[in-house]
There are 2 protein chains.
Amino acid sequence: MRNATPSFSTKERILGVAETLFARHGFAGASLRQVTAAAKVNLAAVNYHFGSKESLIEEVFRRRLDELNRHRLAALAAVQACADHTLEDVLDAFIRPALEQSMDSAGGAAFVRVLARAYAEHDERLRKFLSDNYGHVLRDFAAAFARLLPQLDKEELYWRLDIVAGALTYAMADFGMIKRKSDVSERSHREQAAQHLVRFAAAGLRA
Amino acid sequence: MRNATPSFSTKERILGVAETLFARHGFAGASLRQVTAAAKVNLAAVNYHFGSKESLIEEVFRRRLDELNRHRLAALAAVQACADHTLEDVLDAFIRPALEQSMDSAGGAAFVRVLARAYAEHDERLRKFLSDNYGHVLRDFAAAFARLLPQLDKEELYWRLDIVAGALTYAMADFGMIKRKSDVSERSHREQAAQHLVRFAAAGLRA
DNA sequence: CTAGCATTCAAACGATCGTTTGACCCCGTT
DNA sequence: AACGGGGTCAAACGATCGTTTGAATGCTAG
């Protein structure tokens, strides 16, 4: 059965390393040989535990997205429990879980980059997988935004949410030109990014 | 010398097809064999005309970035010639050239996606290349924004411009969930995207 | 102790990768 | 007519890709 000391089992080590290398070199650019070498496991272990590279990619997403979705929906519910919640509250419920997950575990920061790559890959297979496991969360948030922005018609709202999602994805993945100064921790760098993002997006949505 | 009827020379056909396939499958995901097959040229033609795959990638960027940079700087100069130009004018000078280039030629739409991929690829070599050929344009625009937003300190401004760049990149590359309806042309779809983007970004920058 | 199962391992599979080679073709110049 | 060079071509190079195989290993239940 399970290893007696599964502090980091073969499967988990593969997932962690794959997450990092997919973030750095892309799905096509990172080979299974690179992954298994870095994880110090046998090459065949990937196909044994996951079946194929494609399935490994999906597992990398599933592992974190399930948790992220739960946190986002919980944060949204907490915000909506308060009758006079603001636009900033809902934005924060969407952004903060991604922010925190990007900092908790070792590979968290890598995952937001993997997520951003998934958008760049126009691969239909991957997009359908993400839509299936992610779509209902976006719909719930869209409904919450719609209630707070009744002056916007549906199409206008969708356009703006699309822009917000893009800015968020981009900012969280550190794609931009802003280099983190060496004297601020990665934690406070991301904290600042989230705050700026919430303010910016709130103003844009209300425009 | 040159072909007598170089309507589309071998070199140009490779560049065009490479742009499309790099946008669709990424730099690592699109092989030279796919490119040369689609362009109906011999496999060896890439290494003959460009030297390597890496150099082909750079040429794909250079061909369009030179033009895009010229148009953006010209638009910025035209805007700044008017003494009472607005934030929206500067944003438009940045966004519209990208919008128009994405519609003029056959491969224009593909290029903005290639550009977005370049951000996802954290490849240091590619980022340096882009920074060398692109950095001064961003600096000029940043200065123009700074004059229009004197209440923002330098750091705050950079954060917001970073967010704007992300939203723009993402929106122009059609990464988002908004599907273009079949009854609106790609042209008017992008036109709408640009308008929404300018309004949203202006509000966010002024917040 | 041993039978049985889950896991790991080295090795090899065929396919495909980027690149190189050398013959060949075309065409303007001597 | 002979030449020369830019361009194209099929073929092959070694490397690396994802995947498969079959034997070795370690652990657990009987």
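Keep in mind it's a predicted model, so treat the numbers as computed, not measured. Chain identifiers are assigned alphabetically (A, B, ...) following the order of the sequence lines, protein sequences preceding nucleic acid strands; residue numbering begins at 1 within each chain.
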> Will you find, in the side chains of E156(A) and H196(B), an N or O donor that is under 3.5 Å from an N or O acceptor?
Replying inline: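 Note: E156(A) and H196(B) side chains meet the donor-acceptor criterion.
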> K53(B) and E58(B): salt bridge (Lys or Arg N to Asp or Glu O under 4.0 Å), yes or no, with the steps?
Replying inline: CA-CA 9 Å; K53(B) 183 179 185 178; E58(B) 292 192 359; over 6 Å; no
>> With nearest nucleotide decided by heavy atoms, which residue, R33(A) or R33(B), maps closer to the 5′ end of DNA chain D?
In response: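 So the residue in question is R33(B).
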>> Closest-nucleotide mapping onto DNA chain D: is Q34(A) or G51(A) further toward the 5' terminus? I mean the 5' end.
In response: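 In this pair, the answer is Q34(A).
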> Is the number of heavy atoms from other residues, nucleotides or ligands under 6.0 Å of R24(A) CZ greater than 12?
Replying inline: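 It does not: R24(A) CZ has 12 such atoms or fewer within range.
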Can you identify which nucleotide, out of [options], has its nearest atom closest to the [X] side chain?
X: S31(A); options: dT20(C), dA6(C), dG18(D); result: dG18(D)
X: N42(B); options: dG7(D), dT8(C), dC9(D); result: dC9(D)
X: H49(A); options: dT7(C), dG18(D), dT19(C); result: dT7(C)

Rounded distance in Å - [atom1] ([X]) to [atom2] ([N]):
X: F50(A); N: dT7(C); atom1: CZ; atom2: P; answer: 12 Å
X: I14(B); N: dG7(D); atom1: CD1; atom2: C1'; answer: 11 Å
X: Y48(A); N: dC9(C); atom1: OH; atom2: P; answer: 13 Å
X: L43(A); N: dT7(C); atom1: CG; atom2: P; answer: 18 Å
X: L32(B); N: dC17(C); atom1: CG; atom2: P; answer: 9 Å
X: R13(A); N: dT7(C); atom1: CZ; atom2: C1'; answer: 12 Å
X: N47(A); N: dG22(D); atom1: CG; atom2: C1'; answer: 15 Å

> Has R117(A) got its NZ or CZ under 6.0 Å from the middle of the six-membered ring of F27(A), at an angle within 45 degrees of the ring axis?
Replying inline: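 No; the conditions do not both hold, so R117(A) does not lie above the ring face of F27(A).
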>> For a salt bridge (Lys or Arg N to Asp or Glu O under 4.0 Å) check, start with the C-alpha distance between K128(A) and D132(A), then their side-chain angles and the critical distance, and finish with the verdict.
In response: CA-CA 6 Å; K128(A) 175 170 169 23; D132(A) 289 348; 2.9 Å; yes
>> Once you apply a heavy-atom cut-off of 4.0 Å, does A44(A) come out as touching a base, just sugar-phosphate, or nothing?
In response: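 Counting heavy atoms under 4.0 Å across all strands, the contact made by A44(A) includes a base.
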>> Please determine whether a side-chain nitrogen or oxygen atom of T10(A) lies at a distance below 4.0 Å from atom OP1 or OP2 of dT7(C).
In response: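 No, T10(A) has no side-chain N/O under 4.0 Å of OP1/OP2 on dT7(C).
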